[in-house]
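Before any comments, here is the structure.
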Amino acid sequence: MGIIAFIILGLLAGIIAKALIPGEDPGGFIITTIIGVVGALLGGFLAAALFGADPLDEFFDVSTWLTAIVGSIILLLLYRLVAGRRRGAL
């Protein structure tokens with residue numbers, strides 16, 4: 001998968017993750033894209049480690065999207081934990 005397709009996948013996965021996990025998040029378009037792209041990488045790493053799969057091969061494959069969305073959700077929850085602690089400390 002090319003870098004542009006991977007960025008688009010990450011952006012869409014980040015948007016879907018934010019839609020599935022309600023609540024306010026600091027950050028806009030750029031943070032959503034970063035969470036999605038890194039989440040897709042995290043999801044791909046976890047799928048490879050746990051199941052021996054390589055799901056981030058094709059853009060239109062269902063496993064690619066599920067992996068990216070699950071990874072984005074995990075990363076979004078971690079981001080909220082870290083951002084929430086920073087706000088509580090101030």
Side-chain angles (χ1 to χ4, degrees):
M1 188 164 43
I3 187 73
I4 300 298
F6 198 72
I7 291 171
I8 292 169
L9 170 70
L11 172 65
L12 295 174
I15 290 169
I16 292 169
K18 280 190 172 187
L20 291 175
I21 306 295
E24 287 191 32
D25 294 310
F29 179 75
I30 300 296
I31 298 297
T32 300
T33 303
I34 292 170
I35 286 174
V37 170
V38 175
L41 289 172
L42 175 68
F45 174 76
L46 290 174
L50 296 174
F51 306 115
D54 190 20
L56 297 178
D57 284 339
E58 295 190 27
F59 186 78
F60 293 106
D61 191 13
V62 173
S63 66
T64 299
W65 285 92
L66 290 177
T67 301
I69 292 167
V70 169
S72 296
I73 288 172
I74 292 169
L75 191 62
L76 180 61
L77 292 173
L78 290 173
Y79 177 70
R80 285 184 181 178
L81 283 174
V82 170
R85 287 185 185 169
R86 283 188 190 163
R87 275 191 236 143
L90 293 176

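Residues: numbered from 1 along the sequence shown.
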First locate atom CG of Leu42, then atom CD1 of Ile73, and finally report the distance between them rounded to the nearest 0.5 Å. 11.5 Å
Which atom pairs, one a donor and one an acceptor, fall under 3.5 Å between side chains of residues 5-12 and the rest of the protein, sequence neighbours left out?
none

By side-chain contact (heavy atoms from CB on, under 4.5 Å), Ile35 pairs with (sequence neighbours left out) Ile31, Leu75, Leu76, Tyr79
Correct closest heavy-atom pair for Ser72 and Ala40 would be OG-N, 4.2 Å
Distance col, row Ile21:CD1 vs Leu77:CG, nearest 0.5 angstrom, shows 5.0 Å
